[in-house]
Asks: 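Dumping the structure here so I can ask a few things about it.
What you see below is based on every heavy atom in this structure, not just the backbone, and it leaves out hydrogens, waters and symmetry mates.
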Amino acid sequence: MSLAAPALELDDLHVAYTVRGVDRAVLRGVTLAIAAGESYGLVGESGCGKSTAAFALMRYLPRNGKITGGSIRIAGEELMGLSADGVRRLRATQVSMVYQDPGAALNPSMRVGDQVAEVFAVAGTSGGDARERSREMLARVQISDPDRVLRRYPHQLSGGMQQRVVIAMALASDPTLLILDEPTTGLDATVEAEVLDLVANLRAELGTSVLFISHNLAVIRKMCERVGVLYAGRLVEEGPAEAVFGDPRHPYTVGLLRCIPRGGLRKDEHRLDTIPGFLPQLGEVPGGCVFADRCGLVREVCREHEPPLYPVGPGRTSRCHFHAEAQSLPRTAAPQADAAFREPDGVPVVRAENVAKTFRHEGHDVRAVDALSVAVRAGETLGLVGESGSGKTTFARVLLGLTPPDDGSVIELDGRLLADRITKRDPEEVRALQIVFQNPDSALNRRFTVRRIIGRALTKLLGTRGAERDTRVRALADAVRLDAALLHSRPGQLSGGLKQRVAIARAFAGEPRLVVCDEPTSALDVSVQAAILNLLADLQRDRGVTYLFISHDLGVVRYLSDRIAVLYLGRLLELGPAEAVFEPPHHPYTEALLSAVPTLEGEERPRIRLAGEIPGHSEPPSGCVFHPRCPRKLGEVCELEEPPLAEVTPGRFLRCHIPLEDLRRLQAQLPQGKTTS
Amino acid sequence: MIIFAAAQILPGDVGRAILGPFADQRAVDQLNEELGTNRSVVVQYADWIGGILRGDLGDSYAFRRPVEDLVWPALQNSAKLALLAFVIVVPVAILGGVVAALGEGRFRDRVISIGGLSATAIPEFVWAVFLIIVFALWLDVLPVSAQAPDGAGVLTQARYLLLPALALVFVLFGYIARMARAGTIEALDADYARTAYLKGLPRRTVLRRHVLRNSLLPTIAVVATQVGYLFGGLVVIELIFNYHGIGELLYRAVQRQDFPLIQSTVLLIGIVYLLATLAADILYSLLNPRIRLAHEE
Amino acid sequence: MSTPEERAVLVERGGLGAPEEERRAIRVARRERFALLLRSKTFLAGITIFGVWAFCAVFGELVAPYDPLGGDLAAEIGNRLQAPSLSHPFGTDELGRDVLSRVIGGARDILTIAPLAALLGTALGTVLGLVAGYFRGAADDLIMRPVDAFLAIPPVILGLVVLTALGASQWWLIVVIGVLFAPIIGRTVRAAVLAERELEYVQAARLRNERAPYIMFAEILPNVYAPILVEFTVRLGYAVFTAATLSFLGFGVQPPSPDWGLQIKDTYISINAGYWWPTLFPALAIASLVISVNLITDGLSRVLGR
């Protein structure tokens with residue numbers, strides 16, 4: 001094989017799934033090439049065919065899937081018509097794949113070492129040699145103690161460690177092409193950042209070509225030189241990452257980028273754009289442009305003739321007849337919010353003082369929430385940020401009365417003490433606190449109609465019945481922009497976004513004072529997320545409701561929140577006005593968290609690397625809970641003494657031994673030896 | 001009451017075994033987690049069983065002999081029959097289940113699944129009737145009675161036991177095959193099987209090292225718990241084949257309202273079941289690193 | 001089967017503002033499921049066989065060529081143990097009764113006992129499972145410990161012992177089998193409920209301060225109906241199995257009923273003498289009935305997606 005051969009060439013690739021005897025096209029004529037050593041990103045929302053593309057070129061489609069046309073060449077070798085042995089040899093030597101959920105990707109009953117060594121065994125190395133090379137490979141993915149890890153079983157490793165092992169296995173065969181399919185989805189932000197850095201470094205070192213698949217545009221922007229935007233099985237735009245994200249030439253790309261809350265967009269200044277309508281049904285082949293039904297620029301010709309891939313610049317193509325006008329795509333929302341938000345008046349609706357929750361787990365006491373005191377003011381959104389294990393969801397459950405807190409915890413509603421358990425709260429108090437859950441699939445009873453779901457909440461919380469109830473159900477549906485016709489349907493018949501609207505309507509049925517939003521958009525695509533965020537903002541503006549908004553997505557939190565609380569291991573580390581928290585000086589943990597998140601603008605903050613993993617709850621670190629990972633640790637004082645939560649400027653609280661002025665100075669300059677990329 | 005007490009300390013059972021192949025994995029995992037495997041139970045068992053063994057089981061009313069003299073030979077006979085049935089059914093059923101899983105949804109899967117299900121659902125005595133009519137009456141190749149003449153060699157005994165063992169085999173086959181099938185399908189669909197394929201491993205290696213290793217784990221546990229259900233079948237089989245085992249003894253005891261004998265036999269059957277479940281638990285946790293190493297690190 | 005997403009898109013595209021169309025989509029989905037069931041040959045075979053036996057159970061007297069109980073025994077004494085022939089297709093038994101008529105007549109007992117026992121067991125088990133799974137903790141222990149105890153003893157043996165104490169009769173047989181099966185069904189239901197109660201809609205109900213019975217029976221129960229239905233048919237099969245076995249052992253239906261298990265009990269001794277027909281035909285009847293129930297179970301569980 002010559003060095004000049006592209007790592008991957010897809011030529012007019014068609015893939016279909018057979019559903020009930022009918023072939024439904026999933027990929028239709030995808031053509032792309034990845035040069036040797038290049039990193040190529042494939043983006044698109046769920047259902048666009050990204051993963052299908054990946055599995056098609058591993059020749060590993062589900063039984064009802066088949067490649068119906070086109071060609072796939074890896075390192076110049078044609079895959080179509082390759083024998084089973086040929087496919088096997090190809091997988092063993094030329095192409096590897098890493099996908100989401102590393103815990104499931106590793107065999108639970110085999111030691112890590114044996115699983116890595118298998119890759120060498122396939123290539124003909126075995127025994128001690130394979131073992132030695134496995135060790136080298138683990139060292140290469142920066143596992144500090146390879147010998148120990150090799151002897152472990154997968155369940156004994158953390159998520160980030162498991163993904164390193166999977167990446168080590170994928171790179172062990174020194175493949176020409178590495179496919180990464182959502183490799184960091186589901187990992188915590190700081191862990192994700194580590195894995196992404198690792199992939200970038202290894203790529204530079206080994207010269208492997210990469211096909212990076214993700215729904216996260218910012219991750220693709222950070223990791224890839226070129227990108228392709230996939231919509232309904234069609235490649236609609238392609239080009240250098242910087243150009244495509246900076247100057248998109250297809251209305252879909254334009255719309256997608258506008259959906260994302262970024263660059264400090266805030267609810268009171270800016271409504272998010274959405275992409276109206278729905279993805280075409282699987283296998284449906286529109287006569288004209290695939291995006292015509294949802295496009296604000298659609299004209300007659302779009303419905304009649306499918307646009308070809310127009311060249312729109314150096315190395316750039318767009319499948320739009322009007323690519324030059326793409327950016328003039330009309331906004332779906334007024335850029336300026338029309339009515340003002342009520343100014344939060346500073347009176348707390350809910351006040352938590354000294355709230356703690358200890359779980360018994362395998363004989364250990366686990367402090368999920370530790371002495372947390374915070375007040376949520378009427379009409380504001382308090383954002384709750386933190387990685388897994390930070391205690392944000394437990395705290396919310398304690399407020400709601402679903403999980404009784406430890407003795408000594410105080411929760412007040414409008415200055416009156418609230419009972420521990422919901423069953424002991426009076427109807428007024430029950431109404432006052434409601435929640436919107438993360439996963440609308442499990443949050444709605446799938447046997448009930450939408451009418452019954454909303455209606456039952458009305459009856460139970462307000463005591464409305466009969467015709468009045470019916471009127472109110474309609475009014476609520478209207479308030480969440482849910483077509484009244486859908487009241488007859490059951491959740492299974494609705495899309496994720498519509499289901500989440502039903503859940504929001506239910507949460508608002510009892511005219512709540514405070515609504516907990518627990519990652520309400522993280523199960524949704526960005527275009528749907530935008531619509532839900534708009535809706536939540538509208539409801540707040542119209543009704544003056546208070547939100548406790550939990551999310552791991554800092555852009556989303558920043559968009560919606562007035563104040564932000566940063567939690568780590570059940571401890572409140574920082575609390576302050578949203579904008580202030582995003583600007584230095586901040587707590588070293590906040591700093592690290594912010595630096596871990598890639599941005600669409602491509603501007604790189606200096607990366608703060610955190611040492612080690614989030615420690616287990618059973619043995620919380622002494623002193624400051626963050627000290628074992630803190631890059632700015634002062635010394636012994638951090639290990640011995642827990643810093644108090646001090647008000648550093650009015651309304652701004654930090655739990656850190658470093659004086660504010662020192663933090664300001666440290667964070668203004670690039671920390672030496674701690675930057676990457 | 002003793003039986004109740006015995007069951008009070010029934011060991012943490014393996015979820016799949018309890019819930020059967022119809023239950024979904026989420027539920028099974030949850031159950032397993034709840035039940036856990038408490039090793040200290042082993043010690044309790046040893047004490048408790050030791051006490052029973054040392055104690056006097058009493059005299060049989062009907063036979064006017066110490067219960068022990070009746071129970072032990074009967075148990076030995078039953079063990080022979082059960083052993084033969086297991087030796088036949090376990091490999092055949094596991095093979096059948098795996099073959100069915102590998103061809104999921106295809107003809108051979110349907111044949112094995114439906115055949116196995118039907119075989120399991122037909123009562124032992126009905127199987128016995130069919131077997132006797134075909135093999136003993138029409139073909140005249142095997143004896144009707146399971147009781148071999150005194151002093152017969154192992155092979156002769158096995159020949160006499162073949163028909164009753166077969167009746168048990170039919171009933172057990174479907175259940176074990178179903179478990180093996182469900183476990184294998186689950187493992188085939190798992191991400192780690194995909195990882196193995198994408199490493200470029202040959203299909204045979206993927207199946208042997210990645211799929212079967214994980215799928216047969218719950219099956220092994222089920223096999224052991226089937227020992228208990230086997231005894232229900234033994235009553236009928238031993239009666240119809242006129243074989244002096246524990247089941248037949250229980251039947252005669254029940255007919256004669258011989259309470260000490262009833263109590264002892266039922267107790268014994270309970271103990272055997274508990275021991276089998278315990279053995280399954282230990283085997284399962286030995287084979288499953290997730291449980292074996294749960295407390296390491 | 002279309003995925004939920006697919007259907008959602010279908011409804012949303014065609015249905016927004018068109019409730020008629022949308023309701024039709026629901027009906028189509030339901031009808032499709034039914035059609036799928038009817039397209040399964042094995043399910044149809046099961047339903048057909050079961051239907052034949054159900055017909056015999058209801059209209060036995062009209063179908064049977066002779067009196068299954070023998071009627072005037074004296075007149076037929078010369079008919080004893082006749083091999084199958086044109087006038088007696090299944091032959092006659094040692095009392096000269098027509099085996100075919102007895103096989104037809106035997107359907108009634110088993111088809112009364114088994115469904116009632118399975119129904120009783122499912123009802124009890126569902127309540128047990130819901131309560132244990134929903135409350136967990138102490139209630140769970142209280143219910144599941146005795147259940148564990150039950151499961152340690154094979155049902156046939158427990159049935160044998162209990163029926164000895166209670167006295168053998170058809171009605172006790174139903175009660176005993178039902179009660180014996182309840183814990184097993186309870187386990188299945190409990191497992192389903194445990195998974196279900198973790199879903200957020202249950203927490204949403206708790207956040208409205210709904211009472212536990214409402215959450216259990218109105219919210220959770222409709223969502224676990226599929227495993228319960230499948231479990232019911234599975235238990236129906238086992239109820240036939242257990243009832244027949246207990247009758248065979250003499251602790252179920254009592255003579256002179258033409259119950260199949262009882263017939264086999266009374267006749268199997270004479271197989272050795274070459275008289276196979278009085279035993280074989282009721283045995284085949286039992287086998288065909290349990291197989292039919294299992295084919296139905298198989299079809300249902302495949303369509304209900306388990």
Asks: Quick one: of C:G237, C:A287, C:G133, C:S292, who has the most non-hydrogen atom pairs under 4.5 Å with chain B?
Replies: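 The answer is C:A287.
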Asks: Looking at C:Y238, C:W260, C:F251, which makes the most heavy-atom pairs under 4.5 Å with chain B?
Replies: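 Ranked by heavy-atom pairs under 4.5 Å with chain B, first place is C:F251.
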Asks: I need the residue from B:I132, B:L250, B:T265 with the largest number of non-hydrogen atom pairs under 4.5 Å to chain C.
Replies: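 Result: the option with the highest number of such pairs is B:L250.
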Asks: Please find the pair of heavy atoms, one from B:T120 and one from C:F241, that lie closest to each other, and give the distance.
Replies: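 Closest approach of B:T120 to C:F241, heavy atoms only: O-CE1, 3.6 Å.
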Asks: Taking side chain to side chain contact (heavy atoms under 4.5 Å, CB included) as the test, write out the residues that go with B:L239, two or more places apart.
Replies: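 Partners of B:L239 by the side chain to side chain contact (heavy atoms under 4.5 Å, CB included) criterion, ordered by chain and then number, come out as B:Y251, C:F248, C:L249, C:Y268.
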Asks: Which value, rounded to the nearest 0.5 Å, describes the distance between C:I271 atom CD1 and B:I133 atom CD1?
Replies: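 Interatomic distance, C:I271 CD1 to B:I133 CD1, rounded to 0.5 Å: 4.5 Å.
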Asks: So which residue, C:T242, C:V293, C:L284, ends up with the most heavy-atom pairs under 4.5 Å with chain B?
Replies: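 Looking at each of C:T242, C:V293, C:L284 in turn, C:L284 comes out on top.
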Asks: Does any heavy atom of chain B fall under 4.5 Å from the side chain of C:T245, the backbone, both, or neither of them?
Replies: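 When you check distances to chain B, atoms from both the backbone and side chain of C:T245 fall under 4.5 Å.
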Asks: Out of B:V236, B:V254, B:L234, which one racks up the most heavy-atom pairs below 4.5 Å with chain C?
Replies: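 Most pairs with chain C among the choices: B:V254.
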Asks: For the CD1 atom of B:I240 and the CD1 atom of C:I264, what is their distance to the nearest 0.5 Å?
Replies: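 It comes to 7.5 Å.
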Asks: Calculate, to the nearest 0.5 Å, the distance between atoms OG1 and CG belonging to C:T297 and B:L117 respectively.
Replies: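 Separation between the atoms: 7.0 Å.
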Asks: Within the 4.5 Å heavy-atom criterion, are C:L280 and B:F130 side-chain neighbours or not?
Replies: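 Yes. Closest side-chain heavy atoms under 4.5 Å.
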Asks: Need one label for B:W127: side chain, backbone, both or neither, based on atoms under 4.5 Å from any heavy atom in chain C.
Replies: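 Neither part.
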Asks: Using salt bridge (Lys or Arg N to Asp or Glu O under 4.0 Å) as the criterion, list what pairs up with B:R110, not counting sequence neighbours.
Replies: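 Counting only residues at least two positions away or on another chain, B:R110 forms a salt bridge (Lys or Arg N to Asp or Glu O under 4.0 Å) with C:D298.
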Asks: Please classify the contact of B:A136 with chain C as side chain, backbone, both or neither, using a heavy-atom distance under 4.5 Å.
Replies: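 Looking at B:A136, nothing touches chain C.
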Asks: As a test of understanding, state which of C:L289, C:I291, C:V240, C:I286 forms a side chain to side chain contact (heavy atoms under 4.5 Å, CB included) with B:I122.
Replies: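 Result: among C:L289, C:I291, C:V240, C:I286, C:I291 is the only option passing the side chain to side chain contact (heavy atoms under 4.5 Å, CB included) with B:I122.
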